[in-house]
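Reading through the structure tokens given below for one structure.
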Amino acid sequence: MSLEFRHIAHAYGPVRALEDVSFAAPAGEITCLLGASGCGKSTLLALAAGMLRLQHGSIILDGEVLADEGRSPPPEARPVGLVFQDGALFPHMTIAGNIAFGLPKARRGEVEGWLVQVGLAGLGERYPHQLSGGQQQRAALARAMAPGPRVLLMDEPFASVDIVLRRKLRRDCRIILREQGATTVLVTHDPAEALDIADRIAVMEAGRIVQFASPQELHDAPATAAVGAMFGGAQIVPGTRGDGGFATSFGLWPVDCALAAVPEAAAFDLLVHADALDLAQDPDGLRVRDCHVQGKGVRVVLVAADGSEITAETEDPVRADGRYRIVPRPGSLRAFVRN
Ligand SMILES: Nc1ncnc2c1ncn2[C@@H]1O[C@H](COP(=O)(O)OP(=O)(O)OP(=O)(O)O)[C@@H](O)[C@H]1O
């Protein structure tokens with residue numbers, strides 16, 4: 001069952017939360033909505049879940065209209081499973097009771113297996129208030145997944161689980177969801193989490209989709225410098241096209257440092273990887289602000305005359321009181337025309 005969003009717009013009074021959002025979460029895949037706080041992720045999920053009334057556009061489930069401007073059925077009338085950040089278990093039911101809730105009688109025997117799957121073996125007879133936040137969250141995941149919904153909507157489902165367990169839980173969760181063939185839409189603000197679990201990622205910025213692509217495509221061909229920095233851990237350096245190269249706060253960098261042919265334009269955002277910057281000693285060069293040894297190399301923060309900072313990672317020795325010129329390796333920069 002694919003879940004398609006068509007031209008969705010939503011406003012809370014004067015606040016425009018979503019602007020013309022369109023994409024389709026493919027059947028049986030995990031799609032992440034990724035973006036900074038306030039970009040509209042939760043609003044989009046709440047519209048799909050039926051917790052908010054659709055103001056503009058339509059949501060199509062497996063080719064049929066699930067909701068549009070004229071019709072917005074409540075959550076209980078939608079064939080979707082929901083998991084939210086706070087878990088929201090039924091407080092008066094045991095954990096086993098919560099997981100069994102959506103299961104037909106004949107399948108109640110599966111509860112024990114789910115408790116094991118999510119690391120809660122032996123805790124089935126406890127009540128939600130007798131579990132930690134992370135344990136409650138895992139119980140909520142089990143409750144949502146146990147009935148085997150065709151569509152699962154998840155809003156920051158691992159947020160209250162500690163970092164080590166979180167990685168394991170999301171990988172287990174990915175396997176279970178893929179095996180069940182559930183179409184999943186999962187909200188996160190963490191690029192690492194999206195890369196780890198998603199088949200496809202919808203990157204959002206200020207109520208719009210900036211890019212909808214697989215993790216590999218986002219890595220190889222980011223649509224904007226910000227998307228590239230989000231996934232590659234690279235930094236963005238503003239530059240203008242000057243004679244013989246890009247004029248930046250850190251010096252003039254030759255055009256052959258850029259990965260592909262650079263269009264004729266005035267202003268660029270240059271996507272720069274710290275480990276693709278060589279340092280050459282230069283008495284008129286940049287000042288070292290910080291040196292931090294990491295494994296075999298050293299991470300160096302350098303400051304330009306205008307106060308801008310840039311980070312380089314090198315295996316060469318660096319003097320804390322030295323001055324350095326930055327030399328990007330040929331073909332290591334990605335140049336995005338700035339609008
Ligand atoms: N009930 C509301 N009333 C008014 N404005 C709201 C309401 N809910 C959300 N907003 C605004 O709508 C925009 C989108 O909010 P939304 O919660 O969808 O973002 P988000 O990407 O999920 O953020 P977060 O990661 O912080 O949860 C924000 O500007 C937010 O302040």
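Numbering of residues begins at 1 and proceeds along the displayed sequence. We count ligands from 1, going down the list as the structure has it; atoms in each ligand are counted the same way. These numbers come from the heavy atoms of this one structure, side chains and all, not from hydrogens, waters or symmetry mates.
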So is there a nitrogen or oxygen of [X] less than 3.5 Å from a nitrogen or oxygen in ligand 1?
X    : value
V15  : no
E156 : no
A17  : no

Would atom 2 (C) of ligand 1 count as contacted, meaning some protein heavy atom under 4.0 Å?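 It does: a protein heavy atom is found less than 4.0 Å away from atom 2 (C) of ligand 1.
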Within-cutoff protein neighbour (heavy atom, under 4.0 Å) for atom 31 (O) of ligand 1: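 When distances to the protein are checked, atom 31 (O) of ligand 1 has no heavy atom within 4.0 Å.
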M145 with I30, same ILVMFWY side-chain cluster at under 4.5 Å: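 In one cluster: yes.
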To check your reading of the model: name the closest protein heavy atom to [atom], its residue, and the distance in Å.
atom                    : value
atom 19 (O) of ligand 1 : G40 N, 3.2 Å
atom 4 (C) of ligand 1  : Y12 CB, 3.3 Å
atom 26 (O) of ligand 1 : S37 OG, 2.6 Å
atom 25 (O) of ligand 1 : K41 NZ, 2.8 Å
atom 16 (P) of ligand 1 : T43 OG1, 3.6 Å

Say whether S308 and D306, considering side chains only, have a donor N or O and an acceptor N or O under 3.5 Å apart.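 Yes, side-chain donor-acceptor contact under 3.5 Å.
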Heavy-atom distances under 4.0 Å are what count here, so tell me which part of A36 touches ligand 1: side chain, backbone, both or neither.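 The backbone, only.
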Cation-pi check, R200 onto F23 ring (under 6.0 Å, within 45° of axis):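 No cation-pi geometry.
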Which atom pairs, one a donor and one an acceptor, fall under 3.5 Å between side chains of residues 279-287 and the rest of the protein, sequence neighbours left out?
| residue | atom | partner | partner atom | Å |
| --- | --- | --- | --- | --- |
| D282 | OD1 | D284 | N | 2.8 |
| D282 | OD2 | R325 | NE | 3.2 |

Should D199 and R178 be marked as a salt bridge (charged side-chain N to carboxylate O under 4.0 Å, His left out) after you check the CA-CA gap, both sets of side-chain angles, and the distance that decides it? CA-CA 10 Å; D199 297 300; R178 296 288 291 171; 3.1 Å; yes
Parallel, tilted or perpendicular, as decided by the 30° and 60° cut-offs, for the rings of Y12 and H10: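 Ring orientation, 0 to 90° scale: perpendicular.
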Centroid separation F336 to F268 less than 6.0 Å: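 Not under 6.0 Å, so no.
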When you measure from atom 23 (O) of ligand 1 to each heavy atom in G207, S42, G35, G38, which option holds the nearest one?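 It is G38 that holds the nearest heavy atom.
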